[in-house]
Amino acid sequence: MAAMAVALRGLGGRFRWRTQAVAGGVRGAARGTRWGLGGTCVNVGCIPKKLMHQAALLGGLIQDAPHYGWEVAQPVPHDWRKMAEAVQNHVKSLNWGHRVQLQDRKVKYFNIKASFVDEHTVCGVAKGGKEILLSADHIIIATGGRPRYPMHIEGALEYGITSDDIFWLKESPGKTLVVGASYVALECAGFLTGIGLDTTVMIRSIPLRGFDQQMSSMVIEHMASHGTQFLRGCAPSRVRRLPDGHLQVTWEDCTTGKEDTGTFDTVLWAIGRVPDTRSLNLEKAGVDTSPDTQKILVDSREGTSVPHIYAIGDVVEGRPELTPTAIMAGRLLVQRLFGGSSDLMDYDNVPTTVFTPLEYGCVGLSEEEAVARHGQEHVEVYHAHYKPLEFTVAGRDASQCYVKMVCLREPPQLVLGLHFLGPNAGEVTQGFALGIKCGASYAQVMRTVGIHPTCSEEVVKLRISKRSGLDPTVTGC
């Protein structure tokens, strides 16, 4: 569900109802799941994703349990319906909580699909065809994005679902083909495999584009070694429903041109997201968008081409598609508009985590970005494999547990980026993000006392240079 914040003129604003029949229901309604207040994160993103990720992690812990003395009969079946109901009920409670908070703070909420009439007015249509006009001195656009469907592929729209839908399925998706190489694709494939479903990921080109590629490769290696199947360098061309209800997918090997087919219960498209701007009639307000992406162009103050219209979040060109950045950008924007503040959002060194079965957390530059920006000769990378203590008794494979710190080579060796692959990567990365944000150097991190025995302490033990293979504390380099 798209959202548009309108700072209304006067007490309660100025608005009026006008009844109008709308053919086919709400104009511009997007295909896919409908949901309540809270946007992508609460309804079809971070929250249900993390909870289903946790369900998969629990499955792994159950397998570990006998090694720690717990007598657990194996195998332990998983009930999708029960998990989905619990996750969906939690999301609904958050929807209600948001509504209550708006009411407590005397924020007027309209459940309508809005579009611009002019630069100060939006028009929305409610259920039943009622139309409402709202005028405001300030307007904030925060409509986010929706998953992209590959409309050029036969049967994609008719038979496929997206991440918007997977979290709201009442029944198990069964044998699933996930098409895409984004973090959304890998996260969904990861928890589907983790709860015991036959899962295949089809990747046309580069996994986790924009992330550190060494870390991305290790994420894929771990998933592959723990049950997720991968079709690399392949692109789907057709999806058909068979008489028995299964879906037959035809794809092509992009290198050889050879065609192949497979049968699945569910096909999940995770090939990117598009900004929810096409139905906003932005041209009527004079708001400029990127001709390539349709995202809204803004300045450092989140201002659009129209002085009193602002945009935040995934709908904005060049911004991280991350909920916390949108929240902070929105908070700072409101403080500038009504609180006398001049603080701007800083989009550098924003931490994030990919919640694959072995989590990947990062903050700052990837190794590739650091080299491109500063040159190979000016970049030093410290790295190490490690084994979490929790993995030892259970005999878990730790070959992909890895951490690396990307630094400038010249003293004081400022930290440019940190990349962590292992359990609780998000918690680890969040802690070190503050230091990196404050301009921490390699020496300062090495002087930080680690908490033993944790995975986090592996960061402050990095002594091996990736380039030289030597310990700089010994060699003096």
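As the structure is a prediction and not an experimental result, all values here were calculated from the model.
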Residues pairing under side chain to side chain donor-acceptor pair (under 3.5 Å) where one sits in residues 221-233, two or more places apart or in two chains, turn out to be T193-T228, D198-Q229
message = I'd like to check P48 versus W168 (side-chain heavy atoms, cut-off strictly below 4.5 Å). Are they in contact?
response = no
Residue set satisfying ring-ring contact (aromatic ring centres under 6.0 Å, His included) with H374, at least two apart, ordered chain then number -> none
Check whether more than 12 heavy atoms from other residues, nucleotides or ligands sit under 6.0 Å from atom CE of M328, and answer yes or no. no
For a side chain to side chain donor-acceptor pair (under 3.5 Å) check, start with the C-alpha distance between T162 and D164, then their side-chain angles and the critical distance, and finish with the verdict. CA-CA 5 Å; T162 70; D164 275 14; 4.6 Å; no
The side chain to side chain contact (heavy atoms under 4.5 Å, CB included) partner of Q400 among H385, M223, M218 is M218
Q) Looking at side-chain heavy atoms only, is the closest gap between I312 and L333 below 4.5 Å? A) yes
The residue among V178, V184, V44, T40 that forms side chain to side chain contact (heavy atoms under 4.5 Å, CB included) with S163 is V184
Residues passing the side-chain hydrogen bond (donor to acceptor under 3.5 Å, both in side chains) test with K170, sequence neighbours excluded, are Q88
query: Tell me, do F191 and M83 make a side-chain contact under 4.5 Å, heavy atoms counted?
result: no
- Is the number of heavy atoms from other residues, nucleotides or ligands under 6.0 Å of E85 CD greater than 12? no
For F355, the ring-ring contact (aromatic ring centres under 6.0 Å, His included) test, sequence neighbours excluded, returns H53
Residues 49-78 vs salt bridge (charged side-chain N to carboxylate O under 4.0 Å, His left out), sequence neighbours excluded, gives K49-E187, D64-R396
For P388 and C455, the nearest pair of non-hydrogen atoms, with its separation, is CB-SG, 3.7 Å
Please find out if less than 6.0 Å separates the ring center of Y386 from that of F420. yes
Enumerate donor-acceptor pairs with a distance under 3.5 Å from any side-chain N or O in residues 91-104 to protein atoms, sequence neighbours excluded.
from, atom 1, to, atom 2, distance (Å)
S93, OG, H90, O, 2.5
N95, ND2, L37, O, 2.6
N95, ND2, N43, OD1, 3.0

The salt bridge (Lys or Arg N to Asp or Glu O under 4.0 Å) partners of E458 (sequence neighbours excluded) come to K461
Hits for salt bridge (Lys or Arg N to Asp or Glu O under 4.0 Å) against E252, two or more places apart or cross-chain, chain-then-number order -> none
Q) How about L61: does its CG atom have over 12 heavy atoms from other parts shown lying under 6.0 Å from it? A) yes
Sorted by chain and residue number, the side-chain hydrogen bond (donor to acceptor under 3.5 Å, both in side chains) partners of H67 (sequence neighbours excluded) come out as none
For G364 and N349, the nearest pair of non-hydrogen atoms, with its separation, is CA-OD1, 3.3 Å
Quick note, salt bridge (charged side-chain N to carboxylate O under 4.0 Å, His left out) partners involving residues 317-328, not counting sequence neighbours, are K295-E321, E302-R319
Original post:
Do other residues, nucleotides or ligands put more than 12 heavy atoms under 6.0 Å from E390 CD?
Top reply: yes
Under 3.5 Å, side-chain donor or acceptor atoms of residues 205-216 against the rest of the protein: list the pairs with distances, not counting sequence neighbours.
from, atom 1, to, atom 2, distance (Å)
S205, OG, R209, NH2, 3.1
D212, OD1, Q214, N, 3.1
D212, OD1, M215, N, 3.2
D212, OD1, K404, NZ, 3.0
D212, OD2, E367, N, 2.8
D212, OD2, K404, NZ, 3.1
Q213, NE2, P207, O, 3.4
Q213, NE2, L208, O, 3.2
Q213, NE2, F211, O, 3.1
Q214, OE1, K404, NZ, 2.8
Q214, OE1, K466, NZ, 2.8
Q214, NE2, Y402, OH, 3.1
S216, OG, D212, O, 2.9

Are E380 and S465 close enough, and set up right, to give a side chain to side chain donor-acceptor pair (under 3.5 Å), and what steps lead you there? CA-CA 7 Å; E380 196 81 66; S465 166; 2.5 Å; yes
Residue pairs passing the salt bridge (charged side-chain N to carboxylate O under 4.0 Å, His left out) test with at least one member in residues 326-349, sequence neighbours excluded, are D346-K437
